[in-house]
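Let me begin by presenting the structure, written as structure tokens, before commenting on it.
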Amino acid sequence: MPHPRFELPPQYDPRAVERELYARWVEAGVFHARVDSPKRPYVIVMPPPNVTAVLHMGQGLNNVTQDVLIRFERMRGREALWLPGTDHAGIATQNVVERLIAKEGKTRFDVGREAFVERVWAFVRETGNAILAQLKELGSSCDWSRTRFTLDPAYSQAVRETFVRLWEEGLIYRGHRVIHWCPHCLTALSDEEAEAPETPEAGKLYYVRYPVPDDPAGHVTVATTRPETILGDTAIAVHPKDRRYVRLVGKTAQVPIANVAIPIIADEAVDPAFGTGVVKVTPAHDAADFEIGLRHALEMPLVMTPEGRMEHPTRVPPPLAGLDRFAARAEIVRLLTAQGLLEKVEPHPYAPRRCYRCDTIVEPRLSDQWFVRMQPLAEPVLAAYRRAEFQIVPERWHATFEQWMEHIRDWNISRQLWWGHRIPVFTCTKCRHRWADRADPARCPKCGGPVEQDPDVLDTWFSSWLWPFATLGWPDQTADLGRFYPGHTLVTAPEIIFFWVARMLMAGVHFMDGRLPFTTVYLHGTVRDTQHRKMSKSLGNGIDPLDVVRLYGADALRWMLIAGSSLGSDVLLDPNDLDTTFSPGRNFANKLWNIGRFVLAQLPERVQPLEAYDISGLPLADRWIVLRANEAVRAVTAYLEEFKLDEAAKRCYEFVWGELADWYVEAVKPRLAGDERTAAAAHSVLAHCFDTALRLLHPVVPFITEALWQKLPGRAEGELLAAAPWPAFRPALVDAELDRQFLLVRQVVEKVRVIRAEYRVPPKARIRATITPRGRDARGVFEAERETIKRLAQIEELALDGGARGVGAYALFGDGSELFVALGEAINVGQECRRLSGELTRLEQQLTGLEAKLGNQQFVARAPADVVAKEREKERAWRDQRQLLADKLRALGCS
RNA sequence: GGGCGAAUAGCUCAGCGGUUCAGAGCGCCUGCCUUACACGCAGGAAGUCGGGGGUUCGAAUCCCUCUUCGCCCACCA
């Protein structure tokens with residue numbers, strides 16, 4: 001009879017334990033990293049999610065990965081710090097609030113800067129940080145006492161400090177050039193923020209004639225995808241060596257519609273093979289044309305408003321003025337056709353970049369922005385990388401990383417937004433003196449005149465790149481900074497390797513005396529659906545991680561994310577079939593739970609530690625499983641060290657299910673029922689192996705392992721698995737011979753099972769019921785059953801014939817466990833196994849002969865068909881009901 | 001246009017510097033409600049490891065090439 005203390009339900013219910021366990025971890029301070037700890041630190045800074053974000057699968061993968069690493073190192077005795085926080089996410093957050101006030105029919109300009117920013121703050125205070133609470137549901141073991149936000153006053157000070165330092169070092173400059181401009185967000189974007197589409201769309205290439213009065217041909221034909229930019233043309237360019245057109249160079253062409261005369265110039269940048277080999281140059285609305293414009297000192301008129309409407313005092317004729325750029329394109333095409341200047345239109349793949357936040361097609365636009373000179377920052381990082389001072393896993397990102405670092409371009413850091421860190425550049429309205437300042441100045445330090453601050457804010461990533469040290473109190477030399485910088489592992493998605501990772505490395509080297517912020521960059525894959533599409537809200541193909549937590553438990557979700565994909569490869573999930581995806585994790589948790597139930601029901605109040613035994617004196621099965629546990633420790637530790645988290649998880653699975661449950665537990669059952677002395681050793685071994693399994697699995701599935709570990713005997717008050725030491729590998733235990741011996745036994749048992757299955761030998765209980773007269777049930781003895789009894793008797797006879805001590809018979813009619821005991825006690829296991837194996841082979845032959853003699857009737861009577869049918873029906877109904885429930889929950893969670 | 005990755009059982013993937021490598025989970029088939037677990041147990045069917053060529057005694061595993069998918073980067077108007 002199990003102790004009432006161990007009466008656990010036969011199925012693991014995650015919801016019954018998760019919340020309470022998480023609270024216990026937090027209360028016990030397990031996640032809190034102590035500055036004064038003597039332990040060596042291990043630090044991961046969380047990629048801060050947007051403050052208003054809602055948890056999605058990608059973040060699930062990201063955070064679970066970090067949690068596995070941090071829990072592993074924590075158990076290994078490091079002072080583990082996982083620093084959480086959120087990002088103010090300039091454009092993203094501002095857009096959300098702008099959409100809100102748009103419902104009131106207002107724009108941010110109606111509201112005004114100050115009121116708008118206050119509005120965003122209110123929104124953030126109200127709905128922000130929800131994601132951090134969601135991370136807790138996944139079991140994330142962050143040090144919440146150190147939660148940071150990129151707009152915290154202290155953090156803002158750090159941002160300002162870096163800007164001023166870079167300014168003082170001459171690394172920040174005002175650039176007048178063509179940048180990516182979002183006509184919807186009304187701001188500049190960095191190169192990384194203007195995304196090229198995955199596949200080009202079907203566009204058109206328009207062949208437009210520009211009259212050239214003093215040329216015999218009378219015109220030159222230019223191919224363009226964006227006819228609306230014609231109005232901004234200030235030159236026509238051909239390649240200097242293009243024989244077809246050299247005669248034109250120096251002549252004057254007439255811009256259609258705008259009716260402006262522009263020069264025809266020669267420039268190397270022109271590709272003679274494209275289109276007609278003649279290019280129209282629009283310096284203010286095309287980055288390449290801008291370069292040409294610089295070389296030839298061309299005029300650079302803007303012909304659009306920031307909103308993307310056509311506008312220019314002389315170049316845009318009245319009917320086009322105020323027209324949206326795409327409407328203008330259609331209208332211009334119409335006009336060109338009417339004037340006979342549109343030679344032809346060809347289909348052409350067109351891949352305009354889009355704003356990464358609102359998906360609007362970006363308009364290249366000449367404007368004044370602040371830039372950071374990147375090359376001086378990138379060079380030392382690249383050098384450190386080549387000296388292998390930090391690594392990127394998986395390795396395949398090496399080339400990509402190096403290529404980008406080598407060809408790094410200056411970083412446009414100003415945004416025409418209101419939500420973010422205001423650029424600390426001040427201008428004296430009187431003497432035009434301009435400087436960057438750590439504090440807001442009252443007046444000009446040069447002439448005492450009034451000052452005004454730059455209206456723009458900094459790119460969000462300009463605060464993110466300081467994350468590894470600004471979160472620890474920099475620029476102040478805090479205790480945290482001294483203790484926890486530099487960190488160790490950065491876990492993130494490859495999408496933001498340039499946005500964020502590379503820049504953090506640069507900031508670390510530049511501002512932290514050349515000390516890199518981490519030693520390993522771990523790049524995990526992207527979560528996609530079965531059609532390989534990135535999971536996203538807009539596509540509607542997402543799986544809400546919290547739905548999964550509710551339906552299958554946090555551990556099942558974690559299991560899928562960790563065991564389900566190898567290092568750096570994408571995770572494919574089917575949003576339409578959660579069960580296929582997440583039941584393996586749930587099933588495994590349930591298996592673990594039931595092993596726990598079994599173990600706990602067997603173990604007495606006090607169990608001798610395994611150390612009390614001389615292992616070499618234990619039975620074969622005991623020695624073997626202790627060996628396997630030790631091997632699991634070695635393998636799992638090594639895998640985790642190599643960042644092969646999936647392998648680590650799978651190795652645990654194999655040990656727990658394939659070795660501990662399938663073989664040891666089965667083998668040990670008869671002994672547990674035996675006298676106390678033989679049972680005692682088994683208790684110690686069971687307790688040891690189960691404890692080891694729980695420790696090894698804890699980083700991946702923290703909840704269920706903690707729940708079970710709490711119930712193991714000998715637990716002290718307040719002791720937590722989350723803070724328990726990682727098991728140590730013991731090289732002395734390795735014994736290849738022992739493995740071989742056990743394998744032999746295993747093979748004999750498997751052989752027995754094959755025979756039993758092949759000849760449909762029923763389980764022991766049924767045989768007894770069938771053979772003994774009182775086992776005959778009310779349905780009476782059927783003819784077939786009478787036959788069965790006869791045949792079973794014959795099988796038994798055969799088996800007994802061949803084997804000493806009736807081992808074969810045991811094997812055949814038992815469940816294999818008796819055989820274990822018998823073989824385990826054999827003086828020479830190998831010899832005994834070989835003998836038995838031969839015996840079984842002979843038995844099998846005899847059975848085959850017997851079967852042939854008796855005809856093709858089965859050896860065993862089946863249960864009457866109607867009974868079977870009824871059972872099946874019952875099961876099906878139960879399953880349907882469960883599925884129904886699951887569907888309902890899912891619908892609830894998604895809506 | 002460059003760079004990278006993937007093609008292995010019906011599905012999702014592991015194995016990749018040559019010796020039990022042809023595997024796992026799910027699905028499928030056949031028995032079992034054997035008092036830890038039917039979210040389970042036992043047994044089983046299933047792949048000429050994308051096509052072609054090469055190196056070798058021997059290749060999913062190394063080399064070349066082709067095909068198909070996917071990703072990243074790039075100022076082709």
Side-chain angles (χ1 to χ4, degrees), chain A residues 2 6 8 10-12 178 191 196 198 205 222-226 229 237 269-271 273-282 286-292 348 351 364 394 396-400 402-404 407 494-495 497-498 525-526 528 530 532-534 552 556 560 563-566 568-574 577 579-581 583-602 646-647 650 653-654 658 661-662 665-666 669 750 752-758 760-766 814-817 858 860 862-863 871 874-875 878-879 882:
Chain A
F6 302 132
L8 304 174
Q11 279 187 3
Y12 170 56
V178 170
D191 293 335
E198 291 186 12
L205 192 58
V222 164
T224 179
T225 54
R226 299 196 301 148
T229 62
V270 179
D271 175 6
F274 184 88
T276 57
V278 186
V279 163
K280 59 191 248 359
V281 182
T282 321
D286 184 283
D289 290 2
F290 173 74
E291 298 293 326
I292 297 177
H348 185 75
R396 82 178 97 96
W397 290 98
H398 284 205
T400 311
E402 283 203 20
Q403 205 179 342
W404 191 79
H407 303 109
E495 286 106 281
I497 187 166
F498 305 134
T526 308
R528 299 174 188 280
T530 40
H532 298 261
R533 298 178 306 179
K534 199 187 278 190
Y552 301 90
M560 165 58 219
S565 78
S566 60
S569 61
D570 289 348
V571 180
L572 270 60
L573 302 177
D574 187 351
D577 189 0
D579 218 52
T580 296
T581 313
S583 59
R586 179 203 53 195
N587 294 356
F588 179 53
N590 196 238
K591 186 71 181 180
L592 203 59
W593 181 256
N594 276 290
I595 296 169
R597 286 215 308 154
F598 176 80
V599 170
L600 292 171
Q602 300 301 329
D646 60 318
E647 298 284 0
K650 287 175 194 160
Y653 181 98
E654 178 55 25
D662 285 352
V665 167
E666 293 308 323
K669 273 177 180 171
E750 274 165 352
V752 167
R753 285 176 182 164
V754 170
I755 295 173
R756 282 169 53 92
E758 194 138 330
R760 295 166 183 273
V761 178
K764 207 167 17 178
R766 191 125 141 242
D815 52 15
S817 51
Q858 290 189 320
V860 175
R862 292 158 167 279
E871 280 302 310
K874 243 163 70 184
E875 172 147 344
W878 183 78
R879 270 207 187 133
R882 209 180 62 78

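The sequence lines fix the lettering, A, B, ..., with proteins before strands; numbering per chain opens at 1.
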Both atom distances under 3.5 Å, Watson-Crick or G-U wobble: I'd like the secondary structure of RNA chain B as a dot-bracket string, with | for pairs made across strands. ((((((((.[[[[.).......]]]].(((((.......))))).....(((((.......))))))))))))....

Please classify the nucleic acid contact of [X] as base, sugar-phosphate, or nothing, using heavy-atom distances under 4.0 Å.
{"X": "A/Glu654", "result": "nothing"}
{"X": "A/Ser583", "result": "nothing"}
{"X": "A/Tyr653", "result": "sugar-phosphate"}
{"X": "A/Ala661", "result": "base"}
{"X": "A/Val665", "result": "base"}

Suppose you measure atom [atom1] in [N] against the same atom in [M]; what distance do you get, rounded to whole Å?
{"N": "B/A9", "M": "B/G53", "atom1": "C1'", "value": "27 Å"}
{"N": "B/G2", "M": "B/C76", "atom1": "P", "value": "13 Å"}
{"N": "B/C72", "M": "B/U55", "atom1": "P", "value": "39 Å"}
{"N": "B/G51", "M": "B/U68", "atom1": "P", "value": "15 Å"}
{"N": "B/U35", "M": "B/C41", "atom1": "C1'", "value": "14 Å"}
{"N": "B/G43", "M": "B/A24", "atom1": "P", "value": "12 Å"}
{"N": "B/A6", "M": "B/A14", "atom1": "P", "value": "9 Å"}
{"N": "B/U12", "M": "B/A7", "atom1": "P", "value": "12 Å"}

The side chain of [X] is closest to which nucleotide in this list: [options]?
{"X": "A/Thr400", "options": "B/G25, B/A36, B/C72", "value": "B/C72"}
{"X": "A/Asn590", "options": "B/C39, B/C72, B/A36", "value": "B/C39"}
{"X": "A/Val279", "options": "B/A77, B/A36, B/C72", "value": "B/A77"}
{"X": "A/Thr225", "options": "B/G25, B/C72, B/A77", "value": "B/A77"}

Any donor-acceptor pair under 3.5 Å joining the side chain of [X] to the base of [N]?
{"X": "A/Gln403", "N": "B/C73", "value": "no"}
{"X": "A/Arg586", "N": "B/C39", "value": "yes"}
{"X": "A/Glu666", "N": "B/A36", "value": "yes"}

Could you tell me which non-hydrogen atom of [X] sits nearest to which non-hydrogen atom of [Y], and how far apart they are?
{"X": "A/Ala661", "Y": "A/Val665", "result": "O-CB, 3.6 Å"}
{"X": "A/Thr225", "Y": "A/Leu205", "result": "CG2-CD1, 3.7 Å"}
{"X": "A/Val178", "Y": "A/Pro364", "result": "CG1-CB, 3.6 Å"}
{"X": "A/Tyr12", "Y": "A/Ala589", "result": "CD2-CB, 3.9 Å"}

In whole Å, I'd like the distance from the [atom1] atom of [X] to the [atom2] atom of [N].
{"X": "A/Asp271", "N": "B/A77", "atom1": "CG", "atom2": "C1'", "answer": "9 Å"}
{"X": "A/Asp662", "N": "B/G43", "atom1": "CG", "atom2": "P", "answer": "9 Å"}
{"X": "A/Gln11", "N": "B/A36", "atom1": "CD", "atom2": "P", "answer": "16 Å"}
{"X": "A/Phe274", "N": "B/A77", "atom1": "CZ", "atom2": "P", "answer": "5 Å"}
{"X": "A/Tyr552", "N": "B/G25", "atom1": "OH", "atom2": "P", "answer": "19 Å"}
{"X": "A/Glu291", "N": "B/A77", "atom1": "CD", "atom2": "P", "answer": "16 Å"}
{"X": "A/His407", "N": "B/G1", "atom1": "NE2", "atom2": "C1'", "answer": "14 Å"}
{"X": "A/Asp286", "N": "B/C75", "atom1": "CG", "atom2": "P", "answer": "11 Å"}

Between [Y] and [X], is there a side-chain heavy-atom distance shorter than 4.5 Å?
{"X": "A/Ile595", "Y": "A/Lys591", "value": "yes"}
{"X": "A/Thr581", "Y": "A/Tyr552", "value": "no"}
{"X": "A/Arg226", "Y": "A/Asp286", "value": "yes"}

If each of A/Val222 and A/Glu647 is mapped to the nucleotide of RNA chain B with the nearest heavy atom, which maps nearer the 5' terminus, i.e. the 5' end? A/Glu647

Heavy-atom nearest nucleotide on RNA chain B taken for A/Pro10 and for A/Lys280; more 5' hit belongs to A/Pro10

Pick out which of A/Val270, A/Thr276, A/Asp271, A/Val278 makes a side-chain contact (heavy atoms from CB on, under 4.5 Å) with A/Phe274. A/Asp271

Would you call B/A60 syn or anti, using the 90° rule around 0? syn

Mutual orientation of the aromatic rings belonging to A/Phe498 and A/Trp404 [parallel < 30°, tilted 30-60°, perpendicular > 60°]: parallel

Taking only N and O in the side chain of A/Asn587, is any of them less than 4.0 Å away from OP1 or OP2 of B/G40? yes

Under 4.0 Å between a side-chain N or O of A/Lys591 and OP1 or OP2 of B/C41? yes

Check for a donor-acceptor pair, side chain of A/Asn594 on one end and backbone N or O of A/Asn590 on the other, with a separation under 3.5 Å. yes

